[in-house]
Amino acid sequence: MLGLAAVLLTGCGIRSTEVPTDFGPAPTRVGCSLSGSNDVAARAAGEFAVQVFLVCTSQLVTVDRTVTLERDQNSDRVGVAQELLGQLAKPLTAEEKEAGYSTDVGRGTKVSGPLKGDPVDALRLNTPPDDLSPYALAQVVCTFANSKVAADDGGHVVLGGPGDDPLRSYECSDAVKARPGIAPAPAETVS
């Protein structure tokens with residue numbers, strides 16, 4: 001009887017394989033939704049609603065945030081981009097943590113405008129984009145691409161690191177949003 005029980009309990013029906021498989025992230029019960037509302041109508045003067053991309057269940061999802069911009073700063077690409085980066089690096093609220101959100105963007109991440117010789121729509125991070133985690137790069141690219149001020153007319157984001165780090169035009173594709181840790185943000189080198 002004990003032998004029969006051992007035989008029945010040892011097999012679970014899943015065969016091992018030597019071939020790597022990728023069936024996406026494991027299912028989760030976390031809903032990635034916040035219960036409270038972000039009341040857009042109750043914003044003070046100078047406050048603007050923005051959406052940033054946070055990580056939840058291994059994918060990127062938008063979360064509403066509020067930023068305060070100085071007069072005429074809402075059309076300043078670098079100022080808006082820095083505010084968006086600040087929102088990505090900001091500590092999560094208790095509600096966001098409970099809902100399963102996270103961010104890979106570090107608090108020290110900064111952005112500046114183009115260097116001499118760069119295209120006018122270029123943004124330069126204080127860290128080369130290749131040195132960011134795939135999640136952090138996807139968060140930055142998708143958040144900037146979602147902003148009409150930080151992205152170019154086609155929704156692409158031209159990013160580089162400090163100094164002579166090469167510039168690349170990044171796109172926030174559906175594949176990047178669905179699998180930011182696996183699918184790299186599509187990029188083309190900009191000359």
Side-chain angles (χ1 to χ4, degrees), residues 32 38 40 47-70 72-92 96 101-191:
C32 295
N38 197 0
V40 176
E47 290 185 342
F48 297 91
V50 296
Q51 288 187 323
V52 296
F53 282 84
L54 296 180
V55 180
C56 193
T57 63
S58 300
Q59 54 189 321
L60 295 184
V61 292
T62 57
V63 173
D64 295 326
R65 295 277 178 88
T66 301
V67 297
T68 303
L69 299 173
E70 301 297 322
D72 298 327
Q73 188 183 9
N74 61 344
S75 61
D76 171 27
R77 292 182 70 251
V78 176
V80 169
Q82 188 57 54
E83 287 293 330
L84 292 171
L85 268 180
Q87 290 298 315
L88 288 171
K90 176 177 149 179
L92 300 175
E96 289 169 339
Y101 291 100
S102 66
T103 184
D104 258 25
V105 178
R107 293 193 77 160
T109 308
K110 304 280 185 230
V111 66
S112 61
L115 298 176
K116 185 176 180 178
D118 286 350
V120 294
D121 60 348
L123 293 169
R124 293 223 173 238
L125 301 175
N126 63 338
T127 302
D130 290 343
D131 290 353
L132 297 174
S133 75
Y135 284 102
L137 180 58
Q139 284 183 265
V140 170
V141 167
C142 289
T143 298
F144 285 179
N146 197 40
S147 163
K148 293 183 181 359
V149 177
D152 68 14
D153 292 337
H156 291 87
V157 179
V158 178
L159 285 178
D164 60 355
D165 189 63
L167 292 171
R168 292 186 179 91
S169 176
Y170 293 91
E171 177 186 358
C172 179
S173 68
D174 289 339
V176 170
K177 290 178 200 172
R179 302 171 67 145
I182 297 171
E188 294 179 13
T189 302
V190 176
S191 52

A.B. asks: For the atom pair NZ (Lys177) and CD (Gln59), what is the distance rounded to the nearest 0.5 Å?
C.D. replies: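 Going from the NZ atom of Lys177 to the CD atom of Gln59 covers 11.5 Å.
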A.B. asks: For the OH atom of Tyr170 and the CG atom of Leu159, what is their distance to the nearest 0.5 Å?
C.D. replies: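 Taking OH in Tyr170 and CG in Leu159, the distance rounds to 6.0 Å.
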A.B. asks: Which heavy-atom pair separates Ala136 from Val105 by the least distance, and what is that distance?
C.D. replies: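 Smallest heavy-atom distance, with atoms named: O-CG2, 4.0 Å.
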A.B. asks: How about Thr143 and Gln87: do any of their side-chain heavy atoms sit closer than 4.5 Å?
C.D. replies: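 When only atoms from C-beta onward are counted, Gln87 and Thr143 do not touch, as no gap falls below 4.5 Å.
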A.B. asks: When rounded to the nearest 0.5 angstrom, what is the spacing between CG in Leu125 and NZ in Lys110?
C.D. replies: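 Rounded to the nearest 0.5 Å, the CG-NZ separation comes out at 11.5 Å.
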A.B. asks: To the nearest 0.5 Å, how far apart are OH in Tyr135 and OG1 in Thr103?
C.D. replies: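 One finds 12.5 Å between OH of Tyr135 and OG1 of Thr103.
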A.B. asks: Taking all non-hydrogen atoms of both residues into account, name the closest pair between Pro129 and Gly160 and its distance.
C.D. replies: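 For Pro129 versus Gly160, the nearest heavy atoms are CD-C, 3.6 Å.
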A.B. asks: Could you tell me which non-hydrogen atom of Val141 sits nearest to which non-hydrogen atom of Cys172, and how far apart they are?
C.D. replies: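 Smallest interatomic distance, heavy atoms only, reads CG1-N, 4.0 Å.
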A.B. asks: Under 3.5 Å, side chain of Arg124 to main-chain N/O of Gly161, donor-acceptor pair present?
C.D. replies: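 Here the side-chain-to-backbone pair exists.
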A.B. asks: Between atom CG of Leu54 and atom CG of Leu88, what is the distance when rounded to the nearest 0.5 Å?
C.D. replies: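 Between Leu54 CG and Leu88 CG, I get 6.5 Å after rounding to 0.5 Å.
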A.B. asks: Flag the pair Gln139 / Val52 as yes when at least one side-chain heavy-atom distance between them is below 4.5 Å, and no otherwise.
C.D. replies: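 They are not in side-chain contact.
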A.B. asks: Return the minimal non-hydrogen interatomic distance between Val176 and Ala138, and the atom names on each side.
C.D. replies: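 Residues Val176 and Ala138, closest heavy atoms: CG1-CB, 3.6 Å.
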A.B. asks: Please round to the nearest 0.5 Å and tell me the distance separating atom OG1 of Thr57 and atom OH of Tyr101.
C.D. replies: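 Rounded to the nearest 0.5 Å, the OG1-OH separation comes to 9.0 Å.
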A.B. asks: With the side chain counted from C-beta on, respond yes when Phe144 and Leu85 share a heavy-atom pair under 4.5 Å apart, and no when they do not.
C.D. replies: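 Yes, side chains in contact.
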A.B. asks: With the threshold set at 4.0 Å, does a side-chain nitrogen-carboxylate oxygen contact exist between Glu96 and Arg65?
C.D. replies: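 Yes, charged N to carboxylate O under 4.0 Å.
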A.B. asks: Minimum heavy-atom separation for Cys142 to Leu60, with atom names?
C.D. replies: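 So the two residues come closest at SG-CD1, 3.8 Å.
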A.B. asks: Between Pro119 and Val190, what is the shortest heavy-atom contact and its length?
C.D. replies: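 Scanning both residues, the minimum pair turns out to be CG-CG1, 3.7 Å.
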A.B. asks: Measuring only between side-chain heavy atoms, which start at C-beta, is Val50 closer than 4.5 Å to Glu83?
C.D. replies: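 Not touching, per the 4.5 Å side-chain cut-off.
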A.B. asks: Pro128 versus Pro162: any side-chain heavy-atom pair under 4.5 Å?
C.D. replies: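 The answer is yes, as the side chains (C-beta and beyond) meet within the 4.5 Å cut-off.
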A.B. asks: Closer than 4.0 angstrom, basic N to acidic O: yes or no for Asp121 and Arg77?
C.D. replies: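 No.
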